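The block underneath contains the structure these notes are about, expressed in structure tokens.
In this chain, residues are counted from 1 in sequence order. None of these values were measured; they are calculated from a predicted model.
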Amino acid sequence: MNCTAVTEFILLGLTSNRYLEIVLFTVLLNIFLLILLGNLTVITITLVDRHLQTPMYFFLRNFSFLEISFTSTFMPRTLYSLLMEKKAVSPPACFIQLLSFFYLGTCVWFHVAMMSFDRYVAICRPLHYASIMNSKFCVQLVLGCWVMGFLLISPPTLMIVQLPFCGPNIIDHFYCDTDPLLQLSCTDTQLIGVTLLVSLVFILLGTLSVTIISYGCIITTILRIPSSTGRKKAFSTCSAHLLVVSILYSSSIFRYIRPAQRGGRDFDKTVSFLYSVVTQLFNPYIYTLRNKQVKKALRNLYFRVFSHRIRVS
């Protein structure tokens, strides 16, 4: 078959209305800055405060670093595209974004499951928490998340990168996603689609199972707490975590574990926006910054910096 290789892809983005693009740029820029601010605050405060040198905050610090990396794979490019009339992206840049997005996204799911397990051990087996969640095991868990994410998601995404693309070159999305790219290839992509689906089913349902079992045990333990105040406080924390987990997994499963649909759809973009932007915005505030220990550490850091400035002046 005679064909000309694609030299660029055109990302249609979130809207074609120029006025809405300016509004979206302002909104997304503020969201991106809030994501960076929230996660950088978590990283800083868990590093400098000695009271937060525990396994839970070690995992949260790594999770915040992961969220910054994940959001940075697509948000700067999305913001740039909203300002430009031509939404062109080169194939290498598109493929790098694809690989980074799915690798880091996979690591996010693994980290959520890992943090759920940490809370299960802390609440359900408190006497054994220090011996189970020792520093060596915590480091092994984090490294295992990064390595497993790479091993599971790299084969199907690398297969997509090697596909021939002969045109058309229009991607109806705000980042380089798998389905639109598979539809643009000028060769049979059924095997790649099945491989990708199997990988995502294993990753999503596997990590979701760990999260559900962990929180199921946590809720059972909480119900045994004799104090109603204690139960209310524990449920308040768990409900916030479960809300984020529900949005993350429901949107991810609906987007990727379902029969393929031809063409890009606005509803698919909305679902993608939920798990790639909305959950990343709320995660640092729900998981960490609403915690009393963190609030106290932030106040201490603020007074320390403020008093230092007074002495210097």
Tell me, do [X] and [Y] make a side-chain contact under 4.5 Å, heavy atoms counted?
X: Ser199; Y: Pro155; answer: no
X: Tyr275; Y: Val108; answer: no
X: Val89; Y: Glu8; answer: no
X: Ser252; Y: Trp109; answer: yes
X: Thr178; Y: Ile160; answer: yes
X: Tyr249; Y: Thr211; answer: yes

Are [Y] and [X] connected into the same hydrophobic cluster when the rule is that any two of I, L, V, M, F, W, Y join if their side-chain heavy atoms are below 4.5 Å apart?
X: Val198; Y: Leu208; value: no
X: Tyr103; Y: Val147; value: yes
X: Tyr19; Y: Leu29; value: yes
X: Leu104; Y: Ile96; value: no
X: Val210; Y: Ile132; value: no

Which atoms form the tightest heavy-atom contact between [X] and [Y], and what is the distance?
X: Met133; Y: Leu141; value: CE-CD1, 3.9 Å
X: Phe25; Y: Leu79; value: CD1-O, 3.4 Å
X: Asp49; Y: Gln53; value: O-NE2, 3.0 Å
X: Ile192; Y: Pro156; value: CG2-O, 4.0 Å
X: Ser116; Y: Tyr215; value: OG-CE1, 3.3 Å
X: Leu163; Y: Leu182; value: CD1-CD2, 3.8 Å

Is it true that Phe165 and Phe9 have ring centroids separated by less than 6.0 Å?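 Yes, ring centres under 6.0 Å apart.
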
Suppose we call two aromatic rings close when their centres sit under 6.0 Å apart. Are Phe102 and Tyr256 close by that rule? yes

Quick one: which residue pairs count as a disulfide bond (SG atoms under 2.5 Å apart) with a foot in residues 55-102, not counting sequence neighbours? Cys94-Cys176

Applying disulfide bond (SG atoms under 2.5 Å apart), which residue pairs with at least one partner in residues 132-163 are found, sequence neighbours left out? none

Measure up the Tyr175 and Phe74 rings against each other and bin them: parallel (under 30°), tilted (30 to 60°), perpendicular (over 60°). tilted

Scan the side chains in residues 55-67 for donor-acceptor partners under 3.5 Å anywhere in the protein, sequence neighbours excluded, and list what turns up.
residue, atom, partner, partner atom, Å
Tyr57, OH, Asn291, OD1, 3.2
Tyr57, OH, Asn291, ND2, 3.2
Tyr57, OH, Gln293, OE1, 3.2
Arg61, NH1, Thr46, O, 3.1
Arg61, NH1, Thr46, OG1, 3.4
Asn62, ND2, Phe58, O, 2.7
Ser64, OG, Asn39, OD1, 3.2
Ser64, OG, Leu60, O, 3.1
Glu67, OE2, Asn283, ND2, 2.5

The side-chain contact (heavy atoms from CB on, under 4.5 Å) partner of Ile253 among Leu248, Val271, Leu204 is Leu204

Thr71 pairs by side-chain contact (heavy atoms from CB on, under 4.5 Å) with which of Val277, Ile35, Ile31?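 The option that passes is Ile35.
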
As an exercise, state the distance from [atom1] of [X] to [atom2] of [Y], rounded to the nearest 0.5 Å.
X: Cys217; Y: Ile213; atom1: SG; atom2: CD1; answer: 7.5 Å
X: Arg77; Y: Ser72; atom1: CZ; atom2: OG; answer: 15.0 Å
X: Asp172; Y: Gln183; atom1: CG; atom2: CD; answer: 9.5 Å
X: Ile218; Y: Leu223; atom1: CD1; atom2: CG; answer: 12.0 Å
X: Leu99; Y: Ile153; atom1: CG; atom2: CD1; answer: 9.5 Å
X: Leu12; Y: Ile170; atom1: CG; atom2: CD1; answer: 5.5 Å

Please collect all salt bridge (Lys or Arg N to Asp or Glu O under 4.0 Å) contacts where either partner lies in residues 192-220, sequence neighbours excluded, each pair once.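 Non-adjacent pairs meeting salt bridge (Lys or Arg N to Asp or Glu O under 4.0 Å): zero.
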
So, are Glu21 and Lys87 salt-bridged, with charged N and O less than 4.0 Å apart? yes

Test Ser272 against His173 for side-chain contact (heavy atoms from CB on, under 4.5 Å), laying out the working first. CA-CA 9 Å; Ser272 298; His173 215 302; 3.3 Å; yes

Candidate pair Leu20 and Leu14, rule side-chain contact (heavy atoms from CB on, under 4.5 Å), full reasoning: CA-CA 9 Å; Leu20 285 179; Leu14 292 164; over 6 Å; no

Among all residues two or more places apart in sequence or in another chain, which pass the side chain to side chain contact (heavy atoms under 4.5 Å, CB included) test with Thr26? Asn30

More than 12 heavy atoms of other groups within 6.0 Å of Arg18 CZ: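 It does: Arg18 CZ has more than 12 such atoms within range.
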
Over 12 non-hydrogen atoms of neighbours within 6.0 angstrom of CZ in Phe282: no

Donor-acceptor pair, Ser154 side chain versus Leu151 backbone, under 3.5 Å? no

Let's go through Cys107 and Phe70 carefully: what are the C-alpha distance in whole Å and the side-chain angles of both, what is the deciding distance for side-chain contact (heavy atoms from CB on, under 4.5 Å) to 0.1 Å, and is it a yes or a no? CA-CA 9 Å; Cys107 291; Phe70 174 71; over 6 Å; no

Going through the checks in order, is the side-chain contact (heavy atoms from CB on, under 4.5 Å) test met by Thr279 and Val245? CA-CA 8 Å; Thr279 56; Val245 169; over 6 Å; no

Which residue pairs pass the side-chain hydrogen bond (donor to acceptor under 3.5 Å, both in side chains) test when at least one of the two sits in residues 131-146, sequence neighbours left out?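 As it turns out, there is no side-chain hydrogen bond (donor to acceptor under 3.5 Å, both in side chains) pair with a partner in residues 131-146 once direct neighbours are skipped.
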
